[in-house]
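As the structure lists them, so they are numbered: ligands from 1, and atoms in each ligand from 1. The structure displayed is predicted, hence computed values, not measured ones.
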Amino acid sequence: MLPRLYIVIPCYNEQEVLPITGPMFLDKLRSLIEKGKVSSDSRVLFVNDGSKDKTWDIITKLSKQDEHYIGISQSRNRGHQNAVLAGLMEAKDCCDITISIDCDGQDDINAMDAMVDAYLDGCEVVYGVRSNRESDTFFKRFTAQAFYKFLSAMGAEVVYNHADYRLISARVLKEFANFKEVNLFLRGLVPLVGFKSTTVSYERAERIAGESHYPLKKMLALAADGITSLSVKPLRLITGFGVIVALISFIGVIWALVTALRGNSVPGWASMTCIVCFVGGVQLISLGIIGEYIGKIYMETKARPRYIISERTWEKDDK
Ligand code: UDP
Ligand code: MG
């Protein structure tokens with residue numbers, strides 16, 4: 001039997017791109033159906049992430065035009081990761097495979113063929129990996145590269161150059177549903193579920209229209225979130241640094257004592273001040289990092305729902 005595919009697409013204030021890319025996703029789905037790779041009751045599932053513009057109107061209009069389009073709406077904006085999660089959780093009981101992709105046309109939809117082929121060959125997770133970064137500005141390329149390097153140095157393992165374009169089978173999603181964390185960093189979490197996986201490379205283009213929702217500030221927040229929700233290495237680094245500072249100060253104390261015993265006065269008001277300021281700064285940063293983890297614990301203990309679906313263009317029928 002052919003697998004039933006749901007293409008999950010998060011959309012936030014995308015009224016400019018959706019009328020262009022919506023039909024592109026449907027064409028792709030149709031061609032996959034025609035090629036006999038996926039079943040004819042596959043769907044394009046839009047997740048409206050509490051958009052403030054006409055995005056939801058466009059989605060409902062599309063869903064009336066063709067039965068392959070369906071949409072759900074979040075009760076408010078919850079961010080990209082939660083929107084993708086909402087779509088995947090919605091899809092997991094109705095399909096065999098999901099492919100999540102951004103709605104701005106940056107990710108090459110033609111890579112879906114290779115993804116589905118890999119699934120048919122037995123892979124349960126297929127990561128879309130971008131082969132070029134030429135379409136990005138130098139700044140975005142540089143910060144993105146730094147992002148991956150920093151993440152892996154901090155012990156958060158992610159697939160290099162993979163964003164949120166990936167195929168996940170319903171079987172993996174059912175296991176993934178048991179990962180209850182509120183702090184979502186999907187690209188770090190999916191590898192933790194395991195199962196056979198592979199990568200498919202694709203060229204990433206520029207946004208067709210509209211503007212990126214990931215300016216530097218949000219990218220930094222995502223990096224910090226990714227690291228602190230996947231790894232405790234920063235905490236260990238603080239301990240390591242503390243040990244080093246303690247050792248150095250021990251040597252300093254001995255040196256000061258010896259100089260004093262020799263009858264020389266201890267010189268250096270400036271060096272004292274520098275050390276006090278430096279250690280003070282390091283302590284504050286360390287407290288901040290620890291605070292970040294405490295904040296995470298705080299949010300996790302509340303265990304608030306990770307998404308709330310307020311509207312659907314369809315009647316959900318569990319398979
Ligand atoms: N997005 C979302 N909720 C948000 C921000 C973004 O659902 O709060 C969606 C957005 O509509 C797009 C995807 O996430 O489909 C990626 O966003 P964007 O293209 O702005 O990020 P970039 O590709 O520049 O990193
Ligand atoms: Mg984009």
Side-chain angles (χ1 to χ4, degrees), residues 6-25 28 44-59 62 69 71-91 98-109 111-112 128-130 132-148 151 158-166 182-187 202-223 225-226 306-311:
Y6 272 44
I7 302 176
V8 174
I9 309 164
C11 312
Y12 176 56
N13 291 349
E14 299 283 14
Q15 61 182 8
E16 276 120 49
V17 257
L18 214 49
I20 309 168
T21 52
M24 284 166 53
F25 289 121
K28 186 78 235 171
V44 175
L45 167 60
F46 296 106
V47 183
N48 171 37
D49 187 19
S51 302
K52 292 175 183 69
D53 63 1
K54 298 214 161 59
T55 303
W56 181 241
D57 295 342
I58 297 170
I59 293 172
L62 285 174
Y69 288 123
I72 57 176
S73 188
Q74 293 226 77
S75 60
R76 53 159 294 165
N77 178 248
R78 296 291 300 269
H80 180 199
Q81 299 288 297
N82 295 70
V84 175
L85 181 77
L88 294 178
M89 291 300 115
E90 176 83 2
T98 60
I99 295 180
S100 55
I101 183 167
D102 291 352
C103 78
D104 54 12
Q106 283 192 283
D107 302 319
D108 181 11
I109 49 175
M112 287 187 191
V129 172
R130 48 195 298 192
N132 73 323
R133 277 196 173 264
E134 273 106 63
S135 64
D136 281 349
T137 58
F138 171 78
F139 182 71
K140 177 108 190 184
R141 212 174 338 159
F142 179 78
T143 46
Q145 227 126 38
F147 173 80
Y148 286 105
L151 235 58
V158 288
V159 180
Y160 189 69
N161 263 348
H162 160 69
D164 281 294
Y165 184 19
R166 71 176 86 77
V182 183
N183 294 288
L184 271 185
F185 187 63
L186 293 174
R187 53 185 110 161
Y202 68 95
E203 296 210 349
R204 194 159 145 119
E206 280 176 47
R207 217 173 208 286
I208 290 186
E211 267 173 26
S212 168
H213 301 92
Y214 278 92
L216 183 65
K217 201 171 127 217
K218 268 203 188 172
M219 266 184 55
L220 289 177
L222 187 70
D225 239 19
R306 297 180 288 180
Y307 58 88
I308 297 169
I309 296 169
S310 58
E311 276 165 279

Residue, atom name and distance, where the atom is the protein heavy atom closest to [atom]:
atom	value
atom 3 (N) of ligand 1	D49 OD2, 2.6 Å
atom 23 (O) of ligand 1	Q106 OE1, 2.8 Å
atom 11 (O) of ligand 1	E14 OE2, 2.6 Å
atom 18 (P) of ligand 1	R207 NH2, 3.4 Å
atom 20 (O) of ligand 1	H213 N, 2.5 Å
atom 22 (P) of ligand 1	S212 OG, 3.7 Å
atom 16 (C) of ligand 1	D102 OD2, 3.2 Å
atom 19 (O) of ligand 1	D104 OD2, 2.6 Å

*In a check of side-chain contact (heavy atoms from CB on, under 4.5 Å) between Q74 and each of I308, V47, I309, which one passes?*
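That would be V47.
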*Let me know which of L18, V44, L62 forms a side-chain contact (heavy atoms from CB on, under 4.5 Å) with F25.*
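Exactly one candidate clears the test, V44.
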*Between CD on residue Q81 and CG on residue D49, distance to nearest 0.5 Å*: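 If we round to the nearest 0.5 Å, Q81:CD and D49:CG are 11.0 Å apart.
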_Measuring from atom CD1 of I59 to atom CZ of F46, what distance do you get when rounded to the nearest 0.5 angstrom?_
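Interatomic distance, I59 CD1 to F46 CZ, rounded to 0.5 Å: 6.5 Å.
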Part of [X] within contact of ligand 1 (heavy atoms, under 4.0 Å):
X	value
N77	side chain
C103	both
H80	both

Are [X] and [Y] close enough that some pair of their side-chain heavy atoms sits under 4.5 Å apart?
X	Y	result
R187	V159	no
T98	R166	no
F185	D225	no

*Can you tell me the N, O or S atom of D104 that's nearest the Mg ion (ligand 2)?*
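Relative to the Mg ion (ligand 2), the closest nitrogen, oxygen or sulfur of D104 carries the name OD2.
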*Does a donor on one side chain and an acceptor on the other come within less than 3.5 Å for Y202 and D107?*
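Yes, D107 and Y202 have a side-chain donor paired with an acceptor closer than 3.5 Å.
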*Check whether any side-chain N or O of Y165 sits under 3.5 Å from a backbone N or O of R130 as a donor-acceptor pair, and report yes or no.*
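Pair absent, no side-chain N/O of Y165 close to backbone of R130.
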*Short check: any N/O/S atom of D107 below 2.8 Å from the Mg ion (ligand 2)?*
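Given the 2.8 Å cut-off, D107 does not count as a ligand of the Mg ion (ligand 2).
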